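Remember, predicted model here, so these are calculated numbers, not experimental data.
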Amino acid sequence: MSPRRSRAPQPPATAVRLDHTAVYATGRARSAGFVAAVLGLEVGAPFGPFLPVDLGNGVTLDHREKRDEPIQPQHYAFPVPETAFDAAISRLEAAGVTCYADPRHTEPGRINRLFGGRGAYFDDPDGHHMEIMTRPYARP
């Protein structure tokens, strides 16, 4: 009789994990609405100066307006299921947003097939570099 397979190991209770991150935007509703629409999520209720998008894994993107200085673009990568990837690409195409196979945006209209999955890069309305991928990158 073979031993019973257990579920994936759970991180120790003392493990560090990300709870939320601030996403600075010139318009928090526009920025939050964009990423929520692409990922098939919903924008949450305002929380102080923040407008959250709950990613469903305990992490929120808390959009906050910043109008007194330029937005410094950041990179946000989202592992998504295969079906969610196709839907996100369709929503980006419908919105007229160009996807790229690479982070330098030299391969427009294409996706990549890294690590046995699929991935694409695109920019949000404030120039943040977004990425969707169906397989996490292999790390050494």
K.L.:
Would you say that I89 contacts C99 through its side chain, given a criterion of any heavy-atom pair below 4.5 Å between the two side chains?
P.N.:
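The answer is yes, as the side chains (C-beta and beyond) meet within the 4.5 Å cut-off.
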K.L.:
Can a salt bridge be assigned to the pair D102 and R110 using a cut-off of 4.0 Å between side-chain N and carboxylate O?
P.N.:
no
K.L.:
Could you check whether any side-chain heavy atom of Q74 comes within less than 4.5 Å of a side-chain heavy atom of V23, counting everything from C-beta outward?
P.N.:
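No, their side chains stay 4.5 Å or more apart.
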K.L.:
Quick check: does any side chain N or O of T134 sit under 3.5 Å from a backbone N or O of R118, one acting as donor and the other as acceptor?
P.N.:
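Such a contact is found between T134 side chain and R118 backbone.
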K.L.:
When rounded to the nearest 0.5 angstrom, what distance separates CD in E82 from CZ in R135?
P.N.:
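Result: 6.5 Å between the selected atoms.
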K.L.:
Keeping the roles fixed (side chain from R28, backbone from R64), state whether a donor-acceptor pair exists under 3.5 Å.
P.N.:
no
K.L.:
Over all heavy atoms of both residues, which pair between G109 and T98 is shortest? Give the atoms and the distance, please.
P.N.:
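Reported closest heavy-atom pair: N-CG2, 4.2 Å.
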K.L.:
Quick one: ring pair (Phe, Tyr, Trp, His ring centres under 6.0 Å) partners of Y100, sequence neighbours excluded?
P.N.:
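Here the qualifying residues are H105.
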K.L.:
Quick check: do T21 and L61 have side-chain heavy atoms less than 4.5 Å from each other?
P.N.:
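A side-chain contact exists here, since the closest heavy-atom pair is under 4.5 Å.
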K.L.:
Side chains of Y137 and L114, heavy atoms from C-beta outward: is any pair under 4.5 Å?
P.N.:
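When only atoms from C-beta onward are counted, L114 and Y137 do touch, with a gap below 4.5 Å.
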K.L.:
Would you give the length of the straight line joining atom OH of Y24 to atom CD of E65, rounded to the nearest 0.5 angstrom?
P.N.:
12.5 Å
K.L.:
Under the criterion side chain to side chain contact (heavy atoms under 4.5 Å, CB included), which of D123, L92, D124 is the partner of V97?
P.N.:
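Single pass found, and it is L92.
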K.L.:
Suppose the criterion is ring-ring contact (aromatic ring centres under 6.0 Å, His included): which pairs have a residue in residues 54-94, not counting sequence neighbours?
P.N.:
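Matches after skipping sequence neighbours: Y76-H128.
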K.L.:
Can you give each donor-acceptor pair under 3.5 Å made by side-chain atoms of residues 34-59, sequence neighbours left out, with the distance rounded to 0.1 Å?
P.N.:
unit_1: D54; atom_1: OD1; unit_2: G56; atom_2: N; d: 2.7
unit_1: N57; atom_1: OD1; unit_2: V59; atom_2: N; d: 3.2

K.L.:
Taking all heavy atoms of N112 and all of A101, pick out the closest pair and write down the distance.
P.N.:
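Between these two residues, the closest heavy atoms are ND2-O, 3.0 Å.
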K.L.:
How many angstroms lie between atom CD of E107 and atom OH of Y121, to the nearest 0.5 angstrom?
P.N.:
10.5 Å
K.L.:
Ignoring hydrogens and geometry, is there a side-chain-to-backbone donor-acceptor pair from S90 to D86 under 3.5 Å?
P.N.:
yes
K.L.:
Considering non-hydrogen atoms only, spot the tightest contact between S31 and D126 and give its length.
P.N.:
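Looks like CB-OD2, 4.2 Å.
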